[in-house]
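The structure under discussion appears below in the form of structure tokens.
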Amino acid sequence: MLRYLEGRALSRAELVRFTGTTDLQVQAVLDELIGTAHVVRRPQDIGPADYELTPAGVERLAQVGRLTASPAPATKRPATAKRPPVVKRRPPLRRPTAAVLTEHEWELCSEALTQYYALGRIDKADLARRTHLLYVARTRDDLDAIFVGQPMPDLPKPVRSAPAPPTPILTSQASSAAPARTAKFAAEPEPLDRQLIVNLAKSLAVGLLFTGIVIATGPSLVILLAILVVTGGNMFRTYRTWAKKRRSG
């Protein structure tokens, strides 16, 4: 497909006519090349859109041309030598997410195909077919069809991001520990606070006692006000004493 687009822009109908394939096959190859940024679609004001090579597509076409134009000479084998039997490889397990083929991995696969051709393991037509499949390959899973009957090159392991650490979940026992400690602290105040509570309770109890006696014997508003003032004064002095001790402590 890249050969037909070299040096010119063609429409999809022209590519169908030149390649002798169907419109669906041409569109599928164009979508792959557009996805790899080797071909760009140019809409036209009149007529169908044209497709032309990008700088990356020109560079890739030059690489493919160098592989097919000047391959290394094939090594002649002795007449008595037998070709080792082809070992059938078990189809690989499909991963949930296929690793994307990097530029470095593409170079390793391209060198492996060139080496197989130099050793006479594949012919020139098979090299061109496998090189074209490698050109449109995007993931490592696509390499299975390229290296059918040939050893797969050693590729570096894909780097996978480490999973995020799990979020800790508080159990019912752990979540109830903090309220329990808070309730225990509220139920057991400090000794100085307990002293304040006791003194205020005493002052209030004495004031209520005298108020009850006055009401029982003979209600007098003046006496009740006097008892209220004395009780409030005692409670205020008790609070001031507690506050001084708290600041000094």
When you measure from the side chain of [X] to the backbone of [Y], do you find a donor-acceptor pair of N or O atoms at a distance under 3.5 Å?
X: Thr54; Y: Ala37; answer: yes
X: Tyr116; Y: Leu127; answer: no
X: Ser110; Y: Trp106; answer: no
X: Thr231; Y: Leu228; answer: no
X: Glu52; Y: Asp50; answer: no
X: Glu32; Y: Val29; answer: no

Is there side-chain contact between [X] and [Y], with at least one heavy-atom pair below 4.5 Å?
X: Tyr51; Y: Arg42; result: no
X: Leu108; Y: Pro156; result: yes
X: Glu107; Y: Cys109; result: no
X: Val136; Y: Thr36; result: no
X: Arg121; Y: Pro151; result: yes

Treat each ILVMFWY residue as a node, draw an edge where side-chain heavy atoms are under 4.5 Å apart, and state whether Leu209 and Met235 are in one component. no
In this structure, would Leu33 and Val16 fall into the same cluster of hydrophobic residues linked by side-chain contacts under 4.5 Å? yes
Is any NZ, NE, NH1 or NH2 atom of the basic residue among Glu105 and Arg140 found under 4.0 Å from an Asp or Glu carboxylate oxygen of the other?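 Judged by the 4.0 Å cut-off on N to carboxylate O distance, Glu105 and Arg140 do form a salt bridge.
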Electrostatic pair Arg130-Asp126, nearest N-O below 4.0 angstrom: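 Here Arg130 pairs with Asp126 in a salt bridge, since their nearest N and O are under 4.0 Å apart.
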Under the side-chain hydrogen bond (donor to acceptor under 3.5 Å, both in side chains) rule, collect the residues that match up with Thr21, sequence neighbours excluded. Thr19
To the nearest 0.5 angstrom, please state how far the [atom1] atom of [X] sits from the [atom2] atom of [Y].
X: Gln25; Y: Leu30; atom1: CD; atom2: CG; value: 12.0 Å
X: Leu101; Y: Asp142; atom1: CG; atom2: CG; value: 8.0 Å
X: Thr217; Y: Ile223; atom1: OG1; atom2: CD1; value: 7.0 Å
X: Leu155; Y: Leu143; atom1: CG; atom2: CG; value: 6.5 Å
X: Asp144; Y: Asp141; atom1: CG; atom2: CG; value: 6.0 Å
X: Ile122; Y: Gln115; atom1: CD1; atom2: CD; value: 10.5 Å

Kindly determine whether Tyr117 and Lys124 satisfy side-chain contact (heavy atoms from CB on, under 4.5 Å), including the steps that lead there. CA-CA 7 Å; Tyr117 176 78; Lys124 188 173 182 179; 3.9 Å; yes
Could you please spell out the steps behind the side-chain contact (heavy atoms from CB on, under 4.5 Å) verdict for Asn199 and Tyr239? CA-CA 9 Å; Asn199 292 336; Tyr239 173 76; over 6 Å; no
Would you check if there is a donor-acceptor pair between the side chains of Gln27 and Asp23 at a distance under 3.5 Å?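 Not at all, the side chains of Asp23 and Gln27 share no donor-acceptor pair under 3.5 Å.
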When you look at Ile146 and Leu113, which way does the side-chain contact (heavy atoms from CB on, under 4.5 Å) test go after all the steps? CA-CA 9 Å; Ile146 300 172; Leu113 291 177; 4.2 Å; yes
Mind listing the closest non-hydrogen atom pair of Gly35 and Arg138 along with its distance?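 Smallest heavy-atom distance, with atoms named: O-NH2, 4.2 Å.
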Residues that Arg240 engages under salt bridge (Lys or Arg N to Asp or Glu O under 4.0 Å), provided they are two or more places apart: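 Result, salt bridge (Lys or Arg N to Asp or Glu O under 4.0 Å) vs Arg240: none returned.
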